[in-house]
Protein chains: 2
Amino acid sequence: MTTAEATPAPTAACCTVGPGGGVVDDEAAHQLAKVFKALGDPTRVKLLLLIAASESGEMCACDLTEPVGLSQPTVSHHMKQLVEAGLVAREQRGKWAYYRPTTAALSAATGFLTQDERLSDSPAATVNPHSI
Amino acid sequence: MTTAEATPAPTAACCTVGPGGGVVDDEAAHQLAKVFKALGDPTRVKLLLLIAASESGEMCACDLTEPVGLSQPTVSHHMKQLVEAGLVAREQRGKWAYYRPTTAALSAATGFLTQDERLSDSPAATVNPHSI
DNA sequence: CGGCGATATAGACAAATGTCAATATGTGGT
DNA sequence: ACCACATATTGACATTTGTCTATATCGCCG
């Protein structure tokens, strides 16, 4: 399964409370962790934000190595992680590979957590510049 | 500093675009990654959700080992990670340690990402239920 | 004050992770 | 068909991570 991606938060299967279990499905926990683990590296955070902040919303792989200051194979490896986590989509155009963010995995993952009111602070979300 | 925590999203220092840099502060990327890395393990996801789903919103450390099926030192280690990431707060009461979720780090981290409209599917703020 | 129960720390160890240099694969141009 | 360039894969390596057992520390209660 190299191309698992997607299916980050099963939505259902919420309360599997039990003696040896927990409040969350084991597979759900793994999916959640997979997405967050992909974001658990500074380089990948930079890459994702870099692409997201780009003018066209997508970036060529060739433009990613220089900003993070790592070798081409390393960046390729990181991008693969992001793709497999469902955080970005890869598209080959000509001999270049383009990456663009995909929102589903991230919003599903964070949504799965903040679904629990104990994990979401109520009002005007966090760092929202629109509050003014 | 072992007890860094908090300060997950510097709010400012947004666009440090540069030749060897990126769109994001190096320290900010590390902070973001720290929070997400803490969530990048299935056991810690389970622990956080377990506590968040508890009746009182807090749980004694002694009640955490059994649901995840790991040894006491291992659970203690995971909880330390969550505390250092600023995702839960620890309080000693009597001879028991109680943990409760704290929303600041998570919402700041996710907010920092979804601040970029390319990373959020909803129009305005992130995951804000007050939009209705 | 001595002991007991709860939690944290230390040490050990296998597995996973991040990185690079070297190489393979793929894609278009000549 | 060949070559040049862009990207991915492989293999190697040091570092980090998750887990355990054993031990230390902390906090009550007799």
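Remember, predicted model here, so these are calculated numbers, not experimental data. Lettering of chains follows the sequences in order, A, B, ..., and the numbering in each one begins at 1. Below, all heavy atoms of this structure are taken into account, side chains as well, without hydrogens, waters or symmetry copies.
Across all strands shown, B/His78 has heavy atoms under 4.0 Å from sugar-phosphate atoms exclusively, and none from any base. When heavy atoms are screened at a 4.0 angstrom cut-off, A/Gln72 is found touching base atoms of the nucleic acid. Note on A/Arg90: only backbone sugar-phosphate atoms sit closer than 4.0 angstrom, heavy atoms only; bases stay farther off. B/Tyr98 comes within 4.0 angstrom of nothing in the nucleic acid, heavy atoms only.
With sequence neighbours left out, A/Asp116 forms a side-chain contact (heavy atoms from CB on, under 4.5 Å) with A/Arg118, A/Leu119, B/Ala52, B/Ala53. Applying the side-chain hydrogen bond (donor to acceptor under 3.5 Å, both in side chains) test to A/Gln72 and every residue at least two apart in sequence or in another chain returns nothing. For A/Glu55, the side-chain hydrogen bond (donor to acceptor under 3.5 Å, both in side chains) test picks out no residue, with sequence neighbours left out. In this view, B/Asp63 satisfies the salt bridge (charged side-chain N to carboxylate O under 4.0 Å, His left out) rule with no residue, not counting sequence neighbours. Residues forming a side-chain contact (heavy atoms from CB on, under 4.5 Å) with A/Pro73 (at least two apart in sequence, or on another chain): A/Ser71. B/Tyr99 pairs by the ring pair (Phe, Tyr, Trp, His ring centres under 6.0 Å) definition with nothing, not counting sequence neighbours. Remark: A/Thr102 engages no residue in a side-chain hydrogen bond (donor to acceptor under 3.5 Å, both in side chains) (not counting sequence neighbours).
Looking at A/Thr74, its side chain never comes within 3.5 Å of a backbone N or O of A/Leu70 through a donor-acceptor pair.
Pairs passing the ring pair (Phe, Tyr, Trp, His ring centres under 6.0 Å) check and including a residue from residues 34-60 of chain A, sequence neighbours excluded, read A/Phe36-B/Phe36. For residues 97-114 of chain A, the set of pairs meeting the salt bridge (charged side-chain N to carboxylate O under 4.0 Å, His left out) definition, not counting sequence neighbours, comprises A/Glu58-A/Arg100.
Taking the nucleotide of DNA chain C with the nearest heavy atom to each of A/Asp41 and B/Trp96, the more 5' of the two is matched to B/Trp96. Of the residues near DNA chain C, A/Pro73 and A/Arg93, the one whose nearest nucleotide (by heavy atom distance) lies more toward the 5' end is A/Pro73. Closest-nucleotide positions on DNA chain D for B/Lys37 and A/Thr74 were compared, and the one nearer the 5' end corresponds to A/Thr74.
Heavy-atom contacts of chain A under 4.0 Å fall on DNA chain D between two terminal nucleotides, which in 5' to 3' order are D/dC5 to D/dT9. A nucleotide of DNA chain C counts as in contact with chain B when one of its atoms lies under 4.0 Å from a heavy atom; the first and last such, 5' to 3', are C/dG5 to C/dT9.
Using a 4.5 Å heavy-atom threshold, the side chains of B/Ile51 and B/Met79 count as touching.
Of the residues in residues 55-64 of chain B, those with a non-hydrogen atom less than 4.0 angstrom from any atom of DNA chain C are B/Cys60, B/Ala61, B/Cys62.
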